[in-house]
Participant: 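Before anything else, here's the structure in question.
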Amino acid sequence: MPELPEVEVVRRKLEPQLTGRTIRRIVTTEPSYFFLTSPGTLKRRLRGQTVRGLVRKGKYLSLEFDSGNTLLLHLGMTGQLFMSGASSLRLLQSTAHVALSPEAQPTFVTDKHTHFQMYFDDDRPHMLFRDVRKFGKVKLLGTGEIDPRIAKLGTDALKADPEALFRACKSRKTAIKNVLLDQSVLAGVGNIYADEALFAAGVRPTRRAPRVTRKECGRLIAALQRILLRSIETGGSSISDFVNPDGEDGKFQDERRVYARTGEPCCSCSETIKRLVIGQRSSHFCPHCQS
DNA sequence: GTTCCCCTGCGG
DNA sequence: CCGCAGGGGAAC
């Protein structure tokens, strides 16, 4: 679900609500691969930690604590981070299998997919991490500890330069689409924004990377950054289940040109948008506008 | 490099 | 029943 813009929207919403707050209690579901750090360790080591700030690294979000420790979060495909409260209440009530808290005045709801909850030492809303498919991740890093996943990330897509993309393209035989999705090249790009940038730059997703010109890399990076910033501005893409921490939908899905528009006419030339599979992921493109 | 896997839910 | 889904990692 969440790519760079969605994670950034979440970060901006959460940061003012979490910064300066001290954790009192952690509630989790049973151990699973969702927890790269075990629930027991999280409960023990997070209590008493005070949030200093939130930093986004590609599609990862890290909560940085005054102690120097860091809580690394990844939303996977269906992860949702939100604060308890009225909007979130609406959100969960609109989904299946909701369990209302038994108290007379429910201030929040959880369900079996709510895997991680962080309560603070005051009565303000707490943070919930819900993830239906459990492809998301939670990991606590000690002071100075570097996670190998983060170490492997390339330049954040918003700061990437065309020349770096061009060099990456020259060194691979794979399709350009796969290069754009490679987090060690451009951190934060996912399937929606890769397809949208390729359309905007007029490059077909199947094109072999070494055959993408320097000029096209320039167009790709420019398009990508314009699209990512526009998506952040509009609150991200809510195609299936993305909501921000207040439970609100984004609006960028209305500005998609090709992603999940298979069979629809191209907005530019009216040719039918095609879909094919590249690297096990759907790719959507206009056969006329992209070569 | 592909291929398969993790997991749940939805829609045809 | 089947295929599909904003992700990523590991094994051939």
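Each chain gets a letter, A, B and so on, in the order the sequences are listed, and its residues count up from 1.
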Participant: Nearest whole Å is fine: how far is C:dG9 P from A:Leu36 CG?
Facilitator: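 Distance check: A:Leu36 CG to C:dG9 P gives 10 Å.
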
Participant: Establish, yes or no, whether the cationic atom of A:Arg25 lies under 6.0 Å from the six-membered ring centre of A:Tyr119 and within 45° of the ring axis.
Facilitator: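 Yes, a cation-pi geometry holds between A:Arg25 and A:Tyr119.
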
Participant: Expected output is a numbered-order residue list: members of residues 189-201 of chain A with a heavy atom under 4.0 Å from any atom of DNA chain C. What is it?
Facilitator: A:Gly190, A:Asn191, A:Ile192

Participant: Starting at CG of A:Asp147 and ending at P of C:dG9, how long is that distance when rounded to a whole Å?
Facilitator: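 Distance check: A:Asp147 CG to C:dG9 P gives 9 Å.
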
Participant: How long is the line joining CD of A:Gln253 and C1' of C:dA5, in whole Å?
Facilitator: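 One finds 15 Å between C1' of C:dA5 and CD of A:Gln253, rounded.
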
Participant: Quote, to the nearest angstrom, the C1' distance that separates B:dC6 from C:dC1.
Facilitator: 22 Å

Participant: Under 4.0 Å between a side-chain N or O of A:Lys112 and OP1 or OP2 of B:dG9?
Facilitator: yes

Participant: For nucleotides C:dC2 and B:dC4, find the distance between their P atoms and express it as a whole number of Å.
Facilitator: 16 Å

Participant: As a test of reading the structure: which of C:dA5, B:dG1, C:dG8 is closest to the side chain of A:Lys173, going by heavy atoms?
Facilitator: B:dG1

Participant: Between A:Phe135 and A:Tyr33, is the ring centre distance below 6.0 Å?
Facilitator: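 A:Phe135 vs A:Tyr33: aromatic centres not under 6.0 Å.
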
Participant: Between A:Thr70 and A:Ser62, is any side-chain donor less than 3.5 angstrom from a side-chain acceptor?
Facilitator: no

Participant: Figure out the CG/P separation between A:Leu181 and C:dG8, and round it to whole Å.
Facilitator: 9 Å

Participant: Determine, answering yes or no, if A:Phe135 is stacked on B:dC6 under the 5.5 Å centre rule and the 30° plane rule.
Facilitator: yes

Participant: Measure from CE on A:Met77 to P on C:dA5 and round the result to the nearest Å.
Facilitator: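 That distance rounds to 8 Å.
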
Participant: Whole angstrom is fine here: how far is it from NZ in A:Lys139 over to P in C:dG9?
Facilitator: 11 Å

Participant: Atom CD1 of A:Ile278 to atom P of C:dA5: distance rounded to whole Å?
Facilitator: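 In whole Å, C:dA5 P and A:Ile278 CD1 are 13 Å from each other.
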
Participant: What distance, rounded to whole Å, do you find between the two P atoms, one in B:dG9 and one in C:dG8?
Facilitator: 22 Å

Participant: Identify, between A:Lys152 and A:His284, the residue whose nearest nucleotide on DNA chain C lies closer to the 5' end.
Facilitator: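 Its nucleotide being nearer the 5' end, the pick is A:His284.
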
Participant: Just to be sure I understand the rule, does A:Phe252 reach a base, reach only the sugar-phosphate, or reach nothing, if contact means heavy atoms closer than 4.0 Å?
Facilitator: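 Since no nucleic acid heavy atom lies under 4.0 Å of A:Phe252, the category is nothing.
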
Participant: In whole Å, measure the gap between the P atoms of B:dG1 and C:dA5 for me.
Facilitator: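 Looking at atom P only, B:dG1 and C:dA5 are 23 Å apart.
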
Participant: Can you find a side chain N or O atom of A:Arg133 that sits less than 4.0 Å from OP1 or OP2 on B:dC10?
Facilitator: no

Participant: What would the secondary structure line of DNA chain B be in dot-bracket form, counting Watson-Crick and G-U wobble pairs under 3.5 Å, with [ ] for pairs that cross earlier ones and | for pairs with another strand?
Facilitator: ||||||.|||||

Participant: Should we count CG of A:Asp123 as having more than 12 external heavy atoms under 6.0 Å?
Facilitator: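 Counting neighbours around CG of A:Asp123, 12 or fewer heavy atoms of other residues, nucleotides or ligands fall under 6.0 Å, so no.
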
Participant: Which nucleotide wins on minimum distance to the side chain of A:Thr174, given the candidates C:dG9, B:dG1, C:dG8?
Facilitator: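 Selected nucleotide (nearest to the side chain): B:dG1.
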
Participant: Atom CD of A:Gln280 and atom P of B:dG1: how far apart are they, to the nearest Å?
Facilitator: 14 Å

Participant: So, is A:Thr78 close to the B:dT8 phosphate, meaning a side-chain N or O under 4.0 Å from OP1 or OP2?
Facilitator: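 Indeed not, no polar side-chain atom of A:Thr78 lies that close.
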
Participant: For C:dG8 and A:Lys59 - does any side-chain N or O of the residue sit under 4.0 Å from the phosphate oxygens OP1/OP2?
Facilitator: yes

Participant: What about A:His74 and A:Tyr60, are their ring centers closer than 6.0 Å?
Facilitator: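 When the ring centroids of A:His74 and A:Tyr60 are compared, they turn out to be within the sub-6.0 Å range.
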
Participant: If hydrophobic clusters are built by linking Ile, Leu, Val, Met, Phe, Trp and Tyr wherever their side-chain heavy atoms come under 4.5 Å apart, do A:Leu75 and A:Leu54 end up in the same one?
Facilitator: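 Linked, A:Leu75 and A:Leu54 end up in one cluster.
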
Participant: If you count the non-hydrogen atoms of other residues, nucleotides and ligands that lie under 6.0 Å from CZ in A:Arg208, is the total more than 12?
Facilitator: yes

Participant: Taking any heavy-atom pair under 4.0 Å as a contact, classify A:Tyr33: base, sugar-phosphate, or nothing.
Facilitator: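 Result for A:Tyr33 = sugar-phosphate.
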
Participant: If the plane angle is over 60° it's perpendicular, under 30° parallel, otherwise tilted; pick one for A:Tyr193 and A:Phe252.
Facilitator: tilted

Participant: Want to settle it: does A:Ser282 or A:Arg149 sit nearer the 5' end of DNA chain C, counting the closest nucleotide to each?
Facilitator: A:Ser282

Participant: Students often get this wrong, so: under 4.0 angstrom with heavy atoms, is A:Thr262 touching a base, only sugar-phosphate, or nothing?
Facilitator: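 Counting heavy atoms under 4.0 Å across all strands, no contact is made by A:Thr262.
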
Participant: Below the 4.0 Å mark, does B:dT8 have OP1 or OP2 next to a side-chain nitrogen or oxygen of A:His113?
Facilitator: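 Negative; the distance criterion is not met.
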
Participant: Can you tell which of A:Asp182, A:Asp195, A:Thr206 makes a side chain to side chain contact (heavy atoms under 4.5 Å, CB included) with A:Lys177?
Facilitator: A:Asp195

Participant: Are any of the side-chain heavy atoms of A:Thr114 and A:Val27 separated by less than 4.5 Å?
Facilitator: no

Participant: For a 4.5 angstrom cut-off between non-hydrogen side-chain atoms, does A:Phe120 reach A:Arg124?
Facilitator: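 When only atoms from C-beta onward are counted, A:Arg124 and A:Phe120 do not touch, as no gap falls below 4.5 Å.
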
Participant: For A:Ser32, answer base if it contacts any base atom (sugar-phosphate contacts may also be present), sugar-phosphate if it contacts only those atoms, and nothing otherwise; contact means non-hydrogen atoms under 4.0 Å.
Facilitator: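 Answer is nothing: A:Ser32 stays at 4.0 Å or more from every strand.
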
Participant: Just checking A:Arg256: base, sugar-phosphate only, or nothing, at a heavy-atom cut-off of under 4.0 Å?
Facilitator: nothing

